[in-house]
Amino acid sequence: MSEQDVKKTSEEVLISANEENEKKPPFQTPKGVHDILPENHDYHTYIKKVVRHRSRQAGFKRISTPIFEFTEVFKRTVGEASDIVNKEMYTFLDRKGRSLTLRPEGTAGVVRAYIQNNMKDLPQPVELYYYSPFFRYEKPQAGRYRQFWQFGFEIIGEKDPALDAQSILISKKIYEDLGIMDSLDLQLNNIGDVESRIKYAEALKDYYYGKERYLSEDDLMRLEKNPIRILDSKNEDTMILNQSAPGFEEFLSKESIEYHNEVKEYLDVLGVKYTENTKLVRGLDYYTQTVYEFWDKKRGSQNSVGGGGRYDGMIELMGGEPTPATGFAMGVERVIAQMKRMKVKVPKKDNLHVFVAQLGKEAKKKCLPLINELRDKGIKTMGALGKGAIKHQLKLADKFNVPYTILIGLTEVRENTAIIRDMRVGSQTTVAFDKVVDEIVKRIGEDKLDFYDPSQPI
Ligand code: ATP
Ligand code: MG
């Protein structure tokens, strides 16, 4: 108790403590992480359905890798000089002193799984998708969290510009299905092979040397370790400086230029529009050749809703045989925010059909099996099983916005009947108890029932 509190009466202390509590409950989520409340789960469910549908159409199979891996899995692939490895990983030692990391991204784990499970023996390419949470120790702000969800896919085992074009098309289709593609711009680049990147990095160093005073502390570090990453800086002064920096195009080999032209030809055939951005780089070091991102037309790189590209060197880097690959990842929270900005509503199936109101223990004995049977028949049912006046229960039924309420009181128990109340018009009918389920099914309509049929394929 503080000195000030001593002067207060015990009641005052209690009240002020309660007021404090009202302001902020004692337990809060850590900074940068959030509950997904039912309203946002509707978006997640919808997005998951859309991505699953598009993934299945393309023959992708779902994979879930563990939430944590040995730290080396990420260090080796994402790159020692990347922001992720440098400062964004949740790394900890387990009880035996082994270094583990909460996965900051999806590709490294999938590649580790590809090698560990000998997926090279499967027909190639192996096409996998995931929908999972990821963890990065970032400065939390709108669209940037410490736990966030990504949908992503990887196509491992084959290389062709046509595959790059096809991956881009699938991601674009998903944004279209989600109703946000009109607000997005597809940015496309080719970042060449390792040799071109070494040359390009040197040219960038020459460009930034002498301009250090405009660079942030982070960008100064990038200048030494990995100058190409400066192009992805979100620092305003650096972004202005970046506009006049040399682009990738001058440093690409003949093969890369040809590869890039072919990707663009296929995109044209598919009618996919893109913006060439010779300074587009990705946040992870493992990319080669084709890279792309989907940006909000108004906000640009600040609000990338997803991106991907080719990472041909990674499987070998992880101890596998040299194997080409390409992949894509989409930030689910940013997509939800974009859907809300674009006023895209998600259709939902959560609405209840029936509310069961009862009075007394004998009524409850009839209601419990009735609720069970209604649900089995595909009627979404909620029962008021606590105590409370019928009037109160009807008010509750109103709040749940159900079309029908079934009422069973003392009279109905005695006469073996039930009342069906149509909540929209307020009319009531009494029916024999053993006819209630049939009557409700008839009124809701067979086609509206929510059935789980275990014999159907998943
Ligand atoms: P940014 O440049 O915005 O930091 P990134 O290049 O680090 O993004 P990727 O690693 O390519 O992002 O991840 C793919 C997508 O995941 C991003 O386009 C974005 O939509 C989303 N994403 C990345 N980091 C976060 C985060 N901290 N919180 C929410 N979404 C994120
Ligand atoms: Mg980032």
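Being a predicted model, the structure only gives us computed values, none of them experimental. All ligand and atom numbering here is 1-based and tracks the order in the structure. In what follows, residues are counted from 1 in the order of the sequence shown.
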Identify the closest protein heavy atom to [atom]: which residue and atom is it, and at what distance?
atom: atom 11 (O) of ligand 1; answer: Arg282 NH2, 2.3 Å
atom: atom 4 (O) of ligand 1; answer: Arg144 NH1, 2.7 Å
atom: atom 29 (C) of ligand 1; answer: Gly143 O, 3.2 Å
atom: atom 12 (O) of ligand 1; answer: Arg136 NH1, 3.8 Å
atom: atom 21 (C) of ligand 1; answer: Gly331 CA, 3.5 Å
atom: atom 17 (C) of ligand 1; answer: Ser304 O, 3.9 Å
atom: atom 2 (O) of ligand 1; answer: Lys234 NZ, 2.8 Å
atom: atom 28 (N) of ligand 1; answer: Tyr145 N, 2.9 Å

Quick check: Gly306 and ligand 1, any N/O pair under 3.5 Å apart?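 Yes: some nitrogen or oxygen of Gly306 is under 3.5 Å from one in ligand 1.
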Heteroatom distance test (Glu293, ligand 1): nitrogen or oxygen, under 3.5 angstrom: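 Looking only at distances, the answer is no, because the N/O contact criterion of under 3.5 Å is not met.
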Check this for me: does any side-chain nitrogen of one of [X] and [Y] sit under 4.0 Å from a carboxylate oxygen of the other?
X: Asp232; Y: Lys234; result: yes
X: Glu293; Y: Arg282; result: yes
X: Lys395; Y: Asp398; result: no
X: Glu72; Y: Arg112; result: no

Could you check whether atom 8 (O) of ligand 1 has a protein contact, counting only heavy atoms that fall below 4.0 angstrom?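 Flag for atom 8 (O) of ligand 1 set to false, no protein heavy atom closer than 4.0 Å.
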Would you please indicate yes or no on a ring centroid separation below 6.0 angstrom for Phe251 and Tyr200?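 Between Phe251 and Tyr200, which both carry aromatic rings, the centre distance is below 6.0 Å.
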Please check if the distance between the ring centroids of Phe328 and Phe153 is under 6.0 Å.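 Yes, the ring of Phe328 comes within the 6.0 Å limit of the ring of Phe153, centre to centre.
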Inter- and intrachain pairs under ring pair (Phe, Tyr, Trp, His ring centres under 6.0 Å), touching residues 78-109, at least two apart: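 Ring pair (Phe, Tyr, Trp, His ring centres under 6.0 Å) check on residues 78-109 returns Tyr90-Tyr137.
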Cation-pi geometry met for Lys172 and Tyr274 (6.0 Å, 45°):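 Not satisfied by the 6.0 Å and 45° rule.
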The one among Lys139, Gln150, Glu88, Arg146 that brings a heavy atom closest to atom 14 (C) of ligand 1: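 Result: the heavy atom closest to atom 14 (C) of ligand 1 is in Gln150.
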Give me the atom names and distance for the closest heavy-atom approach of Gln187 to Asp185.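 Taking every non-hydrogen atom into account, NE2-OD2, 3.2 Å.
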Proximal atoms of ligand 1 relative to Val305 (non-hydrogen, under 4.0 Å):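 Within the 4.0 Å cut-off of Val305, ligand 1 contributes 18 (O), 20 (O).
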Proximity of Glu333 to ligand 1 by residue part, where a heavy atom lies under 4.0 Å: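 Answer for Glu333: neither.
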